[in-house]
Number of protein chains: 4
Amino acid sequence: MQVLDPLKRLKILDVAAALFAAQPFHKVLLSDVAEAAGVGKGTLYVYFKNKDDLYLSVLYNGFCQLIDQLQQKVDQNQQSPLENLQTVVREIVRFACQNPYLYELMRSVPWCQVTDNALWNGKRTELRALIEAIICRGVALGEFEDPHPELTARFIPHLVRSVMMDRELSSTPETISAHILRFACAALVPKPLDRM
Amino acid sequence: MQVLDPLKRLKILDVAAALFAAQPFHKVLLSDVAEAAGVGKGTLYVYFKNKDDLYLSVLYNGFCQLIDQLQQKVDQNQQSPLENLQTVVREIVRFACQNPYLYELMRSVPWCQVTDNALWNGKRTELRALIEAIICRGVALGEFEDPHPELTARFIPHLVRSVMMDRELSSTPETISAHILRFACAALVPKPLDRM
Amino acid sequence: MQVLDPLKRLKILDVAAALFAAQPFHKVLLSDVAEAAGVGKGTLYVYFKNKDDLYLSVLYNGFCQLIDQLQQKVDQNQQSPLENLQTVVREIVRFACQNPYLYELMRSVPWCQVTDNALWNGKRTELRALIEAIICRGVALGEFEDPHPELTARFIPHLVRSVMMDRELSSTPETISAHILRFACAALVPKPLDRM
Amino acid sequence: MQVLDPLKRLKILDVAAALFAAQPFHKVLLSDVAEAAGVGKGTLYVYFKNKDDLYLSVLYNGFCQLIDQLQQKVDQNQQSPLENLQTVVREIVRFACQNPYLYELMRSVPWCQVTDNALWNGKRTELRALIEAIICRGVALGEFEDPHPELTARFIPHLVRSVMMDRELSSTPETISAHILRFACAALVPKPLDRM
DNA sequence: TATGAATGAGGATTCATTCAT
DNA sequence: TATGAATGAATCCTCATTCAT
């Protein structure tokens, strides 16, 4: 869809993200979204097919942002797999702290049946692949040891979420990152003597 | 609330769990719940105050079931913390496999603002406490090593969910339990040489 | 569709017929229909799928009524084809005068795409067939003379409509019937001898 | 209203006639009209006050066209009332075959309450008057016999429409004209002597 | 107690119309 | 003049909830 004013579209996505994450879908009124975005109710329908489409676009947009940021950070500087992993965890935690609502939203498989569901799953896979690639590289270089990198790759984002879910903790991003990393590295980094 | 037919109540909770887990709250119609449970729409209001109450009861019921099963298994036989942890993980995985909808549902922070929200959250805390207690006991006995048992306790249920979420893997409960345990133990069980 | 209270359904159809005929479709508000029928807005949706369905049901209902009345009158008493034709014209005029709105509505092929469109066309055909049968019987008995009974059959209802359309005439039903009959008989009844 | 590009105005009227005739008023979107006419939505408001005005203009335009053609043909050559009637019927049928949508549209009483409704209805009256005049002249000359010329005048256009409405017949304009004329003349032309 | 017909507040969506360009 | 993005009033429709039976 050729979009008229991309900035207006982003503005809408932005305020919608905050609203959708703060309340369940059915409590978010499009009139609230419109008002918060400073546009008319009808304008929402110029940029999005309907409420479901808006919701989905919010999720997709957030996903893309996160992956782009990760990819950029990982590609940017030549780092070891361990450093990469640290970077990824820190970035995810940072993103989750900055966009707690959005990150929580991204948890679930979207229930709206849209035509480009494939596109969607593609992004999901992309994130997993990005993490898995780091682990695999680590295994190849002998830095990591992991019989199931694809499982571990799935764990990482969930570990972040598990901590984010209970906001009353008010742990700092650093504490969270550190604990997750400790957790992940314990499983990945081979030790002089085997255990278990 | 003194209820006349506890079995009918459970039947309703059961089908509601399946429906709530498969779709977001607002797509679950009470008429669907009633039909699936084989009762009249009005009957739902005999057993539950309203839709929010039904939703919350489903969650509460789920936590009670899971915790009861866990507590029973843990108390039952005198075991070491490590064995306890293994038991807990296996039981959670088993529960999640048997009640995939319910377990998936239990993930979320409840957004309904009802009076007995606290009661509800109490159960979630209870589950965490149960796991945390095992870890703390392990630390006390020198079997485990963990600077943040309360964080680790939060991780466990989410690790299970992270694997459950992608059903296409078709991993067996055993595989899942094993990988999660490997992961958790790596972080908890001290090794001859420290790292990090 | 098994209908709950057939009388309520008829009541709704009745007031809806008046409203739909007095104004174009888009000016008829369902809230007006509900109020006029003395029921809640939601009740309309218990008896009809949506606004289009209600509109269509009004038309269909009117059609059925008219045809039933005609069939009854024609079957009732043993009459000659000419007498039958007179009866039919008088009945149509009477119906049109009693239900001017409804009759005007029935003019057009319904534009709502409904599943039982066939059912609909069936009724339309039924009316034509009823009239055509009378003409054909007349031709067979030598009372009428008509190379195209199927065309003539189509004319009759339109002749009525043509007169009904301009209400300011305030001709009596009798005048209208008489003129239409004179018109039709002139074309149908063979003459060496004058008639009427 | 002084209009800059009369051809663009006609183009709009043309496509609007087709759309209005094919669907009820409320299903015709101005965006559809604009697109079909190859102009911008705003342009419609340059040539017409609003949607109602466009609709009315379509009808008015149609009547003007038809009446102009008829008047011209009737005035053109000195003819007997019977010949005039034949000309009129043939011309109406021709017009209806060439502008089936427009003609079908002209059937209805206009429901828009606009100020120049009168102007509009005047044109309809004009058409009736034109036909009535022919019949009256015939009666005056003793060629016709009709107690209610004003009723008969109303019949003619509707007879045409009644045949046009069912396109599956695929009768030629000639067949249609012939049957209508047979019908009309039967009622109008006095006989001891055979007619046509 | 169990029911489901009736309800109407609430919210998504449409589309004629405007106006800055 | 021509445009089409933006608008919001208008209205259809949903669905949780009630209550007479």
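Naming convention: chains lettered A, B, ... in sequence-line order (proteins, then strands); numbering from 1 in each chain.
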Roughly how many Å is it from [atom1] in [X] to [atom2] in [N], rounded to a whole number?
{"X": "A:L7", "N": "F:dA5", "atom1": "CG", "atom2": "C1'", "answer": "15 Å"}
{"X": "D:D32", "N": "E:dC15", "atom1": "CG", "atom2": "C1'", "answer": "11 Å"}
{"X": "C:R9", "N": "E:dA6", "atom1": "CZ", "atom2": "P", "answer": "13 Å"}
{"X": "B:E35", "N": "E:dT3", "atom1": "CD", "atom2": "P", "answer": "13 Å"}
{"X": "C:L4", "N": "E:dT3", "atom1": "CG", "atom2": "P", "answer": "17 Å"}
{"X": "A:F48", "N": "E:dT14", "atom1": "CZ", "atom2": "C1'", "answer": "18 Å"}

Fill in the dot-bracket string of DNA chain E, one character per base: . for unpaired, | for a pair to another strand, ( ) or [ ] for pairs within the strand, taking Watson-Crick or G-U pairs under 3.5 Å. .||||||||||||||||||||
Give the B/S/- string for nucleotides 8-14 of chain F, one per nucleotide from 5' to 3', where a protein heavy atom under 4.0 Å of the base yields B, of only the sugar-phosphate yields S, and otherwise -. B-BSSBB
Minimal non-hydrogen separation, [X] against [Y], with atom names:
{"X": "A:D52", "Y": "B:K27", "result": "OD2-NZ, 3.6 Å"}
{"X": "A:A37", "Y": "A:V15", "result": "CB-CG2, 3.6 Å"}
{"X": "C:L4", "Y": "C:Y47", "result": "CB-OH, 3.7 Å"}
{"X": "D:L30", "Y": "D:K41", "result": "O-CG, 4.1 Å"}

B:F25 and B:F20 aromatic ring geometry - parallel, tilted or perpendicular at 30°/60° bounds: parallel
Whichever of A:K8 and D:L44 has the more 5' nearest nucleotide on DNA chain F, that residue is D:L44
Atom CD of residue position B:Q98 - does it have more than 12 heavy atoms of other residues, nucleotides or ligands inside 6.0 Å? yes
Say you draw a straight line from NZ of B:K11 to CG of B:D5; how long is it, rounded to the nearest 0.5 Å? 12.5 Å
Identify whether NZ of Lys or CZ of Arg in B:R161 sits under 6.0 Å from the centre of the six-membered ring of B:Y103 and within 45° of that ring's axis. yes
Considering residues at least two apart in sequence or located in another chain, which fulfil the salt bridge (charged side-chain N to carboxylate O under 4.0 Å, His left out) criterion with C:K51? none
Side-chain N or O of A:Y47 versus OP1/OP2 of F:dA6: is the shortest distance under 4.0 Å? yes
